[in-house]
There are 2 protein chains.
Amino acid sequence: MVTLRPTLEQVAKLAGVSRATASRVVNGAGGVSAGVREAVRAAVDSLGYVPNPAARSLVTRRTDSIALVVSEPTSQVFGDDPFFIDVVRGVSAELEAGDRQLVLMTTDTPAGRERVKRFTSVHVDGVLLLSCHGNDPLYSALGKQGPPVVCGGRPLYGPSLAYVDVDNVGGARQGVEYLIKSGRRRIVTIAGPQDMNAGVDRLIGYREAIAAADRRAIVAYGDFSRDSGERAMHSLLADEPELDAVFAASDLMAIGALAALRNTGRRVPDDVAVVGFDDIEQARYAEPPLTTVQQPSPLLGREMVRMMQRILCGDPPDSPMTLPTQLVLRSTA
Amino acid sequence: MVTLRPTLEQVAKLAGVSRATASRVVNGAGGVSAGVREAVRAAVDSLGYVPNPAARSLVTRRTDSIALVVSEPTSQVFGDDPFFIDVVRGVSAELEAGDRQLVLMTTDTPAGRERVKRFTSVHVDGVLLLSCHGNDPLYSALGKQGPPVVCGGRPLYGPSLAYVDVDNVGGARQGVEYLIKSGRRRIVTIAGPQDMNAGVDRLIGYREAIAAADRRAIVAYGDFSRDSGERAMHSLLADEPELDAVFAASDLMAIGALAALRNTGRRVPDDVAVVGFDDIEQARYAEPPLTTVQQPSPLLGREMVRMMQRILCGDPPDSPMTLPTQLVLRSTA
DNA sequence: AATATCCATGAGAGCGCTCTCAGGACTCTT
DNA sequence: AAGAGTCCTGAGAGCGCTCTCATGGATATT
């Protein structure tokens with residue numbers, strides 16, 4: 001503010017070269033003799049020169065920043081769920097390695113969506129879209145034109161976009177198969193919302209495993225929150241008092257289920273086994289510690305960035321990527 | 001990428017006016033006749049014109065974006081603690097209202113700090129600094145020159161910077177006073193790390209209340225995490241078997257303390273009362289539900305932005321702002 | 001020795017925008 | 001009716017940078 005930032009021109013003058021040459025050195029382009037290069041570097045250091053990104057991006061038409069758009073219709077969801085912050089951490093770490101900036105945008109209104117659309121069309125090189133709802137209107141809005149998009153989580157409908165997802169189907173199947181192998185007879189599920197891909201896919205995984213074992217699928221729905229899990233568990237208990245295992249599509253719901261089970265006098269895992277999904281911090285401290293399907297959230301963020309970087313380099317488009325999940329055995333199953 | 005974005009020049013041509021006039025309309029500057037204004041607006045709409053921010057900021061010397069720098073020496077801390085995400089939500093919401101962009105930077109290495117220093121010096125209009133450690137070197141590094149800085153949480157040392165903080169001292173005092181009023185005799189505390197302002201201030205609040213009631217301060221230290229709370233509780237129990245109340249400087253530590261109390265056969269609140277600090281989601285579901293001092297994290301984010309906006313408007317510098325806390329009574333005290 | 005090739009460098013155009021300044025068309029004074 | 005003021009508009013100069021292209025000297029080729 002107070003002191004005007006030095007310009008390339010000043011660096012060039014101090015180094016006794018032209019602006020073009022100074023630019024070459026600053027950008028690491030070749031074709032500059034060693035002596036000149038050193039002189040320019042010295043000038044940069046002594047002046048404390050930092051390139052003006054606006055001037056640069058005006059001509060290069062790149063901004064070296066990418067947006068992480070978090071479409072968040074129910075702001076509660078993200079608050080309780082460490083998933084989001086883990087993804088952000090991954091994105092941020094991977095981006096820093098590539099020297100790009102992270103512009104974070106959250107959206108929970110149609111007006112916000114409009115802002116995002118306008119903004120991303122010029123201000124960023126790419127958009128990472130993280131939406132809990134797989135049918136978010138942003139998917140199609142951003143897909144049409146403008147910068148490339150990489151989604152976190154498979155979009156449920158709309159245009160085919162590049163995406164990175166977690167193996168929700170496989171993870172759920174694995175969790176349920178484990179319950180079957182442990183000799184559980186009547187395995188129910190607390191499914192997530194069916195307008196989110198995680199909700200849909202985890203239910204598919206449950207159904208696949210159940211069908212493969214010739215059992216009957218018994219489903220209640222929640223919204224991934226703890227309370228919804230508790231309610232769903234109560235209703236399942238009312239309908240199927242004989243149940244001896246439950247697969248919950250989120251840890252929070254599993255923890256709610258644990259409470260319901262406790263309140264109705266069931267012992268876990270003796271009477272009822274419980275498997276969750278996510279492996280959040282709280283799972284470790286649940287009473288008893290929760291057996292759950294772990295998903296690699298920070299890795300999701302990293303891989304989204306990597307995919308974007310490949311797109312930005314002009315590499316041939318990747319096929320969607322699916323990250324593996326892993327069953328973590330603790331005490332509830 | 002494919003289609004070149006329309007420029008102001010094209011808008012002007014289509015509207016039959018000069019670039020200068022088109023610019024006036026786009027920026028809402030006065031002194032344009034109604035007819036011309038409408039013509040330009042129509043041209044903007046039909047072309048789908050979006051101003052190029054790089055070109056604009058090249059001349060205005062503003063970027064209309066501010067950085068949220070999260071200095072995160074222990075990446076664990078933020079992961080478990082919903083505090084950070086709440087602040088981000090507040091920042092983001094308030095910023096969108098003002099039409100500025102949020103650039104998120106995290107830092108956990110000296111190299112990262114260097115990046116932040118360089119980056120923020122040119123790319124953003126202001127810096128919001130959120131550091132859990134009150135003696136973070138970034139405080140002084142960013143204070144020197146470059147864009148204005150607003151800190152979340154009072155910096156422990158270093159230059160006097162604008163900041164917004166939560167009333168940690170008052171909140172802690174209030175919590176402890178409540179324990180005293182409830183007739184508790186031997187009130188211990190699990191304090192947070194003493195290199196974080198929240199850790200320091202909450203301990204001060206405890207000491208003040210204890211001193212005012214002529215009691216003896218009994219302190220153990222944790223790092224705000226659940227496990228550290230559990231450990232600290234065990235050690236306090238060993239030293240002071242007669243204790244009948246504990247004030248924990250974070251909910252996570254309080255929850256750890258609850259586990260330790262349970263394991264050693266103490267009933268809460270009958271034998272020992274517990275008060276936490278933060279009021280995170282889990283506090284409601286603790287066993288039993290945790291009485292705690294609530295801090296307004298999203299508001300902290302909002303107020304940081306507001307203070308920054310005032311600074312950017314050239315208003316006289318604010319004095320530091322302290323946000324109120326509130327005791328939330330549940331079942332542990 | 002003459003020509004072709006290569007490399008390091010500089011000159012200069014232009015990216016899209018804002019903003020100052022000058023000028024033309026009015027209206028308001030006196 | 002002439003001067004003064006007011007309002008709207010356009011011309012044009014940059015903001016700091018990148019990048020193409022021309023230049024000229026050194027080196028390689030015949």
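Letters A, B, ... are given to chains in the order of the sequence lines, protein chains preceding strands, and every chain is numbered from 1. Small disclaimer: the values here were computed from a predicted structure and weren't measured.
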Nearest-Å distance for atom pair CG/P, residues L8(B) and dC15(C): 14 Å
Separation of dG12(C) P from E9(A) CD (nearest whole Å): 13 Å
Test item: N52(B) and R5(B) side chains (from C-beta on) under 4.5 Å apart, heavy atoms: no
Side chain proximity check, D125(B) to P147(B), heavy atoms < 4.5 angstrom: no
Donor + acceptor pair across side chains of T107(A), S71(A) (<3.5 Å): no
T63(B) side chain to S57(B) side chain, donor-acceptor N/O pair below 3.5 angstrom: no
Close side-chain approach of Y49(A) to V26(A), heavy-atom, < 4.5 Å: yes
Trace of the side-chain contact (heavy atoms from CB on, under 4.5 Å) decision for R100(B) with L312(B): CA-CA 12 Å; R100(B) 274 185 226 261; L312(B) 258 20; 3.7 Å; yes
Validation row: S297(B), Q295(B) side chains within 4.5 angstrom (heavy atoms): yes
Spacing of N52(B) atom CG relative to dC15(D) atom P, expressed in whole Å: 18 Å
Side-chain N or O of N27(A) closer than 4.0 Å to phosphate OP1/OP2 of dT18(D): yes
Sugar-phosphate, base or nothing in reach of P53(B), heavy atoms under 4.0 Å: nothing
Any I311(B) side-chain heavy atom under 4.5 Å of D315(B) side chain: no
Length of the CZ-C1' vector between R62(A) and dT18(D), whole Å: 10 Å
N27(A) side-chain N/O to S23(A) backbone N/O, donor-acceptor pair under 3.5 Å: yes
Of the listed nucleotides dC17(D), dC15(C), dT18(C), the one nearest the side chain of R61(A): dC15(C)
Axis deviation across the helix from dA1(C)-dT30(D) to dT30(C)-dA1(D), five-pair ends, to the nearest 10°: 40°
Between P of dC17(D) and CZ of R56(A), the distance in whole Å: 8 Å
Nucleotide-resolved protein contact map, nucleotides 4-10 of chain C, B/S/- at heavy-atom distance under 4.0 Å: ----SBB
